[in-house]
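Inspection log for the structure reproduced underneath, given as structure tokens.
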Amino acid sequence: MTVRRVTGLETEYGISVPGDPGANPMLLSAQVVNAYAAPTSGARPRWDYEDEAPLRDARGFELERSEAHPSQLTDAPGRRGGGRRAAPNASDVATAEAEDPTMANVILTNGARFYVDHAHPEYSSPEVLTPRDAVRWDKAGELILLEALRRVAATPGLAPVTIYKNNTDGKGASYGTHENYLMDRATPFGDVVRHLVPFFVSRQVLTGAGRVGIGQDSSRAGFQISQRADFFEVEVGLETTMKRPIINTRDEPHATVDRYRRLHVIVGDATMCEVATLLKVGTTSLVLAMLEAGALDGGPAGDLSPAEPVRALHEVSHDPGLTQLVRLRDGRRMTALQMQRAYLEAAQAFVADRLGADADADTLEVLQRWESVLTKLETDVLSAAREVDWVAKLRLLEGYRSRDGLGWDSARLQAVDLQWSDVRPEKGLYLKLAERGQVERLLEPDSVRRAVEHPPEDTRAYFRGECLARYGPRVAAASWDSVIFDVAGRGALQRVPTLEPLRGTREHVGALLDRCATAEDLVAALTGG
């Protein structure tokens, strides 16, 4: 009934070499990841794929591996065409990475994962509990990519790269920004689809990153709200890179299976504005709380399901004037703003009814900002430029258009669009606006810098990150739901399961870790001998 929920964000960053459009993006991405990991002494812990099941579908079946697209086989990197394999040992991984540098994979002391995914460097944040912390560790990812870029530039023999936090190259390719929300498995998946499709169709007015060009290849002139919307083709499905669905059905909780479902959201954009990221996570968490409680059934707004969800997603994105009417299945027509207003009013009533004066500060902040930004968009779109990426970008682009008489088909505007998301402070246009105080910032820079190296303290990410920081040479592998140690005196690797995301917190294990000077001490304490 609050916004507090186990959440994580994944961002695939765009990458290029200036002046060399033919550079191999997989190799470049591997160079970026390996350059960041280079100062680490000794063998790197591997990622443990043992419990991953990317072909399990929330609709009650598992796709045969022979029928899956290679991009779906995320549990077998480097061998994405064969059958399921056992998790490799450390020497196997070292050999594989030497033969195939695109397998580069780093587990960070802040609890995150930094690796190569589909020809892009991807930063997967640690699990957090609040929208503000989601913003904090997402912003830490930007600093990690910036440092990786700088290390590549300082490495003899490597060409300097440019890195963008965006979702398309403007030529027909798209790469993802995914959100993960742990939710109650008892919630019927049909209800998830019914209530979240209209929410995601309309949510982009708050959380779109903005894009110059219409269509997957940007061949039509114009400006649209979302970077990703044009790349979605179906309402529901298991894919993430082909026939992209508004609702992804991957059933891979990385937690206790009979208790949790991980909702894997692939329909969002990579946002630079801190308020937009807060709203992306916070509003979705509130809608999930209402969905789990059955509070969306029979509400005053009725069924908001679009008659043609994919078409509606595209049409809303193509209308920065925010007047596009979405035809609903019951025959009504509503704008995306009206749909979002209906969800907001339902959330306000839900929190008032369930929590009243005891509502926590995180939940109240999301409700207040949700209403504030919606009101601005309803009255004067450009007044939301301090909080919403696509509006801030549109205002900037309109300045160029007015000054220089540019049409939306101008290559200069496309270049400005790209430069918006450059992670270098001296180049990135968003970062320049932030430095000038022209966008609202929620976090102190020092807290973001700390999040680069330190994990959240209120989820299992604390245990994972602290084990890497304290006992790194003895950590053989790790994943979201385990840490595996290679310690003296034990005949086999020692796996410590972390299936409960709210255990392994500082409160839960902090004193234990402080007492254990070595990994051997920790394993002995956990195993009773």
Side-chain angles (χ1 to χ4, degrees), residues 14 16 18 162 164-172 174 202-230 269-277 279 314-325 335-337 340 369 372-441:
S16 67
T162 305
Y164 304 97
K165 190 185 182 187
N166 67 351
N167 297 112
T168 179
D169 63 359
K171 300 174 183 178
S174 179
S202 56
R203 186 187 69 164
Q204 58 187 307
V205 300
L206 303 173
T207 62
R211 174 156 75 95
V212 174
I214 309 295
Q216 292 188 2
D217 60 359
S218 300
S219 57
R220 291 166 49 201
F223 177 86
Q224 62 175 304
I225 290 170
S226 169
Q227 293 227 330
R228 288 273 280 174
D230 283 348
D269 286 359
T271 43
M272 301 289 288
C273 289
E274 295 180 11
V275 173
T277 304
L279 287 175
H314 296 171
E315 289 180 342
V316 169
S317 181
H318 297 172
D319 177 37
L322 303 181
T323 60
Q324 175 68 44
L325 291 172
T335 66
L337 287 174
Q340 278 294 301
R369 290 186 178 277
S372 172
V373 172
L374 274 183
T375 299
K376 289 178 180 179
L377 293 172
E378 289 164 344
T379 55
D380 176 10
V381 170
L382 292 182
S383 67
R386 288 181 54 80
E387 296 102 337
V388 178
D389 286 68
W390 73 266
V391 181
K393 185 183 289 185
L394 177 61
R395 184 177 66 177
L396 182 68
L397 290 165
E398 289 289 12
Y400 281 94
R401 278 165 44 81
S402 175
R403 187 189 68 186
D404 300 329
L406 301 176
W408 282 116
D409 58 351
S410 168
R412 286 181 59 195
L413 294 185
Q414 292 177 337
V416 170
D417 186 359
L418 187 61
Q419 194 176 347
W420 171 267
S421 55
D422 194 318
V423 301
R424 296 170 295 179
E426 69 274 16
K427 296 290 185 179
L429 295 179
Y430 164 81
L431 294 173
K432 288 179 177 291
L433 292 181
E435 183 64 26
R436 296 169 187 165
Q438 294 180 11
V439 292
E440 184 171 356
R441 305 176 88 167

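All values reported here derive from a predicted model rather than from experimental measurement.
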Please check this pair: side chain of [X] against backbone of [Y], looking for a donor-acceptor N/O pair closer than 3.5 Å.
{"X": "S410", "Y": "R412", "result": "yes"}
{"X": "D169", "Y": "K171", "result": "yes"}
{"X": "S317", "Y": "S226", "result": "yes"}
{"X": "W390", "Y": "Q224", "result": "no"}
{"X": "K165", "Y": "T271", "result": "yes"}

Matching residue for W420 among V212, L396, N166 - test: side-chain contact (heavy atoms from CB on, under 4.5 Å): L396

Option from M272, K393, Q419 for which side-chain contact (heavy atoms from CB on, under 4.5 Å) with L429 holds: Q419

Considering only heavy atoms from C-beta outward, does the side chain of [X] approach that of [Y] to under 4.5 Å?
{"X": "L322", "Y": "T335", "result": "no"}
{"X": "D269", "Y": "Q204", "result": "no"}
{"X": "W408", "Y": "R401", "result": "yes"}
{"X": "K376", "Y": "R386", "result": "no"}
{"X": "R228", "Y": "S174", "result": "yes"}

When rounded to the nearest 0.5 angstrom, what is the spacing between [atom1] in [X] and [atom2] in [Y]?
{"X": "L382", "Y": "R395", "atom1": "CG", "atom2": "CZ", "value": "7.5 Å"}
{"X": "K432", "Y": "E426", "atom1": "NZ", "atom2": "CD", "value": "7.5 Å"}
{"X": "E398", "Y": "L413", "atom1": "CD", "atom2": "CG", "value": "9.0 Å"}
{"X": "T277", "Y": "L206", "atom1": "OG1", "atom2": "CG", "value": "12.0 Å"}

For [X] versus [Y], what's the shortest heavy-atom pair and its separation?
{"X": "L377", "Y": "A384", "result": "CD2-CB, 3.8 Å"}
{"X": "A336", "Y": "V316", "result": "CB-CG1, 3.8 Å"}
{"X": "D389", "Y": "A209", "result": "CB-CA, 3.8 Å"}

Results of salt bridge (charged side-chain N to carboxylate O under 4.0 Å, His left out) for D380 - residues two or more places apart only: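 Scan of D380 (salt bridge (charged side-chain N to carboxylate O under 4.0 Å, His left out), adjacent residues dropped) gives none.
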
Partners meeting salt bridge (charged side-chain N to carboxylate O under 4.0 Å, His left out) with D319 (sequence neighbours left out):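 Applying salt bridge (charged side-chain N to carboxylate O under 4.0 Å, His left out) to D319 gives none.
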
Who pairs with [X] by side-chain hydrogen bond (donor to acceptor under 3.5 Å, both in side chains), at least two apart in sequence or on another chain?
{"X": "S372", "value": "none"}
{"X": "Q414", "value": "none"}
{"X": "D422", "value": "R424"}

Under 3.5 Å, side-chain donor or acceptor atoms of residues 216-223 against the rest of the protein: list the pairs with distances, not counting sequence neighbours.
| from | atom 1 | to | atom 2 | distance (Å) |
| --- | --- | --- | --- | --- |
| Q216 | NE2 | D230 | O | 3.2 |
| Q216 | NE2 | E233 | OE2 | 3.4 |
| D217 | OD1 | S219 | N | 3.1 |
| D217 | OD1 | S219 | OG | 2.8 |
| S218 | OG | R211 | NH1 | 2.8 |

Any donor-acceptor N or O pair under 3.5 Å, side chains T168, Q227: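 Q227 and T168 do not have a side-chain donor-acceptor pair below 3.5 Å.
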
Side-chain donor-acceptor contact under 3.5 Å, S16 with T162: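 No, no side-chain donor-acceptor pair sits under 3.5 Å.
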
Within 6.0 Å of CD in E435, more than 12 heavy atoms from elsewhere: no

